Amino acid sequence: MFENKERTELSSLGEFGLIDKIKEEFPLMNPSSMVGIGDDGAVLDPGGKYLVLSTDLLLESIHFDLTYMPLKHLGYKSTIVNLSDIIAMNTIPEQITVSIGISNRFSLEAIEEFYKGIKLACDKYKIDLIGGDTSTSEKGMVISITSMGYGSKDEIIYRSGAKLNDLICVSGDLGAAYLGLQLLEREKKIFLENPEIQPDFENKDYLIERQLKPEARKDIIEILRKEKIKPNSMIDISDGLSSEILHITKASNMGCKIYEEKLPIDSLTAQTAMEFNLDPTVCALNGGEDYELLFTVGIEYFEQLKMIPEISIIGHICPKEEGCSLISRANNQYELKAQGWKNFSN
Ligand code: ADP
Ligand code: MG
């Protein structure tokens with residue numbers, strides 16, 4: 001890997017030197033990647049399938065905070081977040097492009113750390129880095145990642161496919177990444193007031209990891225394929241369960257009922273929520289950045305789904321006229337509202 005301990009100015013290497021170094025570290029592995037970094041365009045072979053493509057733009061201090069986000073984690077997370085979108089279409093991602101805007105505040109070593117994180121994600125998920133763009137930025141860091149996957153016409157799953165009486169399912173557990181963020185924000189505040197104090201994350205590793213090093217649930221679409229379970233609709237949870245289920249119901253012209261008691265919440269998440277005077281259910285509904293999969297499937301798969309520990313059945317699809325609601329433990333009905341991250345709210 002990039003072995004270099006001193007500070008090397010990016011200017012001493014130049015844009016092309018950096019690109020050469022990146023190319024060296026990312027040999028192509030997928031047959032669909034014909035030509036990668038080095039020409040004016042990459043060449044891909046979808047092999048008669050549909051190409052699924054998704055892109056994200058991440059801006060420093062809007063989407064990430066370098067005070068508590070190590071650059072390696074940032075590279076990893078930026079990649080994962082984007083792969084998650086391709087996976088949520090029920091396709092396996094195979095390529096990414098990475099474009100960056102960086103100021104001279106970053107040394108070559110810092111950028112190498114960032115690419116080490118990307119490399120880790122690429123190796124784990126078998127992704128080829130096939131191109132990108134590099135530019136200087138005056139102030140903050142800018143990252144744009146685009147990923148690509150391929151699926152046959154009947155493999156791809158859309159938000160709009162939910163059917164009446166479908167079971168609503170979610171993978172993993174919810175709310176942990178949000179609480180990880182609360183912990184990091186709390187320690188940042190303490191650190192800014194008194195830099196002598198070391199951060200205290202004792203026994204909170206799971207929450208910090210969910211925030212700094214999330215995973216995309218490629219394993220879930222593989223399990224569903226193996227079990228021959230074909231969801232009717234699917235989305236990944238980036239902005240919180242409420243917001244995402246509303247995307248599915250709106251696109252599918254349906255309503256839904258979600259049961260509070262069925263929401264998968266890790267005990268550490270619940271306990272930490274209480275410490276922050278937050279309701280664990282609200283964290284699970286609105287927290288976001290879980291990158292779990294939310295999908296709806298025909299009721300005939302009920303017995304099969306019940307046997308998969310990584311999947312929880314949390315509700316069902318109902319007619320649009322019945323609206324979208326949460327049924328509380330006390331059996332009260334609340335209207336579900338999207339309260340995901342609002343970047344433009346202030
Ligand atoms: P152009 O002037 O046509 O944009 P560049 O010199 O920017 O060409 O890019 C040359 C090659 O290097 C292209 O294949 C491009 O995709 C790749 N590339 C540029 N920047 C990056 C980057 N940050 N990561 C990966 N590949 C990159
Ligand atoms: Mg360019």
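Source: prediction; values computed, not measured. All ligand and atom numbering here is 1-based and tracks the order in the structure.
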Q) Side chain or backbone of F114 under 4.0 Å from ligand 1, or both, or neither, by non-hydrogen atoms? A) neither
Q. Is the count of non-hydrogen atoms from other residues, nucleotides or ligands lying under 6.0 Å from Y68 atom OH greater than 12?
A. yes
Q. Hey, which atoms in ligand 1 end up nearer than 4.0 Å to a heavy atom of V98?
A. 22 (C), 23 (N), 24 (N)
Q) Quick one: do the S32 and N30 side chains pair a donor with an acceptor below 3.5 Å? A) no
Q.
Using a 4.0 Å cut-off to any heavy atom of I37, which atoms of ligand 1 qualify?
A. 12 (O), 14 (O), 17 (C), 25 (C), 26 (N)
(Q) Given S147, which partner from the list D56, N82, T97 fulfils the side chain to side chain donor-acceptor pair (under 3.5 Å) test? (A) N82
Q: Report the part of D39 in contact with ligand 1, treating N, CA, C, O as backbone and CB onward as side chain, heavy atoms under 4.0 Å; options are side chain, backbone, both, neither.
A: backbone
Q. To which of G101, G38, G41, G132 does the heavy atom nearest atom 19 (C) of ligand 1 belong?
A. G132
Q: With salt bridge (charged side-chain N to carboxylate O under 4.0 Å, His left out) as the test, would you mind laying out the steps for E303 and K306 before giving the verdict?
A: CA-CA 5 Å; E303 293 299 329; K306 256 191 353 192; 3.4 Å; yes
Q.
Salt bridge or not between K139 and E60? Use side-chain N to carboxylate O under 4.0 Å.
A. no
Q.
Would F26 count as a contact residue for ligand 1, given that I'm defining contact as a non-hydrogen atom of the residue lying under 4.0 Å from a ligand atom?
A. no
Q. Do R7 and E9 sit within salt-bridge range, that is, some charged N less than 4.0 Å from a carboxylate O?
A. yes
Q) In terms of atom number and element, which parts of ligand 1 are under 4.0 angstrom from non-hydrogen atoms of Y115? A) 22 (C), 23 (N), 24 (N)
